[in-house]
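This report concerns only the one structure given below.
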Number of protein chains: 2
Amino acid sequence: MRIGELAAKAGVSVRALRYYEEQGLLVAERSPSGQRHYPDSGVDQVLLIQQLYAAGLPSRSIRAVLPCVETGEATPELLEWFTAERDRIDRQMRDLASARDRLDSLIVGATAVWRSGRPCPAR
Amino acid sequence: MRIGELAAKAGVSVRALRYYEEQGLLVAERSPSGQRHYPDSGVDQVLLIQQLYAAGLPSRSIRAVLPCVETGEATPELLEWFTAERDRIDRQMRDLASARDRLDSLIVGATAVWRSGRPCPAR
DNA sequence: CTAAGACCTGACGTTGACGTCAGAGGCAAG
DNA sequence: CTTGCCTCTGACGTCAACGTCAGGTCTTAG
């Protein structure tokens, strides 16, 4: 399939796909005229890339992770790197959880105040 | 206390504090010569700001949240906003969790391969 | 008094993941 | 064969949270 179709199926922009290729995250066959062609598996690959981006991994880390996801292998240095990234994600999840709890208690508290008969909460 | 001391106590840069003020997140008294002076409670305020930034909230959202954290009140529109932000954080936590699990299984798998007698994993 | 820091404003630089635009070429339908 | 959409490369724009630098002021220890 061509780049537009892949973009639509994976829910990303055409620009993003070209950027992924530029970053070495996604390879594409080229037609004689230079147009990119992707296999069906490209959709899952892009979804994986998106998932890793969503986790806050920079392109360089994703570039390191991707081949290992395919082969299931890694060098000890890479393992150390991945472990560090995983720990970073763990910390970020804790940060998110505490911020979420703070927002949550704010919401619950304000809703309680609001339902207790106050005309309309202060601005 | 002055800005350098607050920066040290809160673990952020002086530049960051001036930026927070610029964004309306942090107020400071001014000495006649124009220097900023903060109360002791400034430390906790900065830590809270940092926590919200760490959760991915942009300055505008933080600016909306901060007064409500103090008063415990909020308008219905703000509540809707906060709920949306909380849901976004929830989604982000799920994204992080799935990416972490993927990294984790990669780590576990690669470590198993590595310990099963392979000379040194492929690069 | 003076020198060393700390502080001020204002402004430009940085980074990452794209958005957007320009100008040119490719491809299937009619 | 042309029309209209898709694609190409290359390059500049964006946005947020600061970093960094310049040039000047303030404060405080000696």
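Every chain is numbered from 1, with letters handed out A, B, ... down the list of sequences.
- Here the P atom of nucleotide dC6(D) and the CE atom of Met1(A) are 16 Å apart, to the nearest Å.
- Summarising the geometry of Leu103(B) relative to Arg86(A), their closest heavy-atom pair is CD1-N, 4.0 Å, with the distance given to 0.1 Å.
- Side chain of Thr111(A) to backbone of Ile107(A): a donor-acceptor contact under 3.5 angstrom is found.
- The interatomic distance linking Tyr20(B) (OH) with dA16(D) (P) rounds to 15 Å, in whole Å.
- Neither side chain, Ser13(A) nor Tyr19(A), offers a donor N or O lying under 3.5 Å from an acceptor on the other.
- Partners of Gln23(A) by side-chain hydrogen bond (donor to acceptor under 3.5 Å, both in side chains), not counting sequence neighbours: none found.
- Salt bridge annotation for Glu85(A)-Arg100(B): absent, with no cationic side-chain nitrogen under 4.0 angstrom from a carboxylate oxygen.
- If you take CD of Glu5(A) and C1' of dC5(D), they are 15 Å apart, rounded to a whole angstrom.
- As rounded to whole Å, 20 Å separates atom P of dT15(C) from atom CG of Leu57(A).
- Across all strands, Leu17(B) comes closer than 4.0 Å to no nucleic acid atom at all (heavy-atom distances).
- Checking the phosphate oxygens (OP1, OP2) of dG16(C), no side-chain nitrogen or oxygen of Ser59(A) falls inside 4.0 Å.
- By the criterion of side-chain heavy atoms lying less than 4.5 angstrom apart, applied directly or through intervening Ile, Leu, Val, Met, Phe, Trp or Tyr residues, Leu47(A) is grouped together with Tyr38(A) in one hydrophobic cluster.
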Give me the distances for all protein-to-nucleotides 26-30 of chain D N/O pairs that come in under 3.5 Å?
residue: dC26(D); atom: O3'; partner: Ser33(B); partner atom: OG; Å: 3.2
residue: dT27(D); atom: OP1; partner: Ser33(B); partner atom: OG; Å: 3.3

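- For the pair Gly4(B) and Val14(B), the tightest heavy-atom approach, listed with the atom from each and the gap, is CA-CG2, 4.1 Å.
- A sub-4.0 Å separation between OP1 or OP2 of dG19(D) and a side-chain N or O of Tyr19(B) is absent.
- Whole-Å rounding puts the Arg63(A) CZ to dG16(C) P distance at 11 Å.
- Looking at Arg36(B) and Glu5(B), no side-chain N of the basic residue comes within less than 4.0 Å of a carboxylate O on the acidic one, giving no salt bridge.
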Give me, pair by pair, the N or O atoms of the protein and of nucleotides 9-14 of chain D that are less than 3.5 Å apart, along with how far apart they are.
residue: dT9(D); atom: OP1; partner: Arg30(A); partner atom: NH1; Å: 3.1
residue: dT9(D); atom: OP1; partner: Arg30(A); partner atom: NH2; Å: 3.4
residue: dT9(D); atom: OP2; partner: Arg36(A); partner atom: NH1; Å: 3.1
residue: dT9(D); atom: OP2; partner: Arg36(A); partner atom: NH2; Å: 2.8

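- To the nearest angstrom, P of dG16(C) lies 12 Å from CD1 of Ile62(A).
- Going from atom CD of Glu22(A) over to atom P of dC8(D) covers 13 Å, rounded to whole Å.
- Between the P atom of dA6(C) and the OH atom of Tyr38(B) lies a distance of 16 Å, rounded to the nearest Å.
- Using a 4.0 Å cut-off between charged nitrogen and carboxylate oxygen, Arg2(B) and Glu29(B) do not count as a salt-bridge pair.
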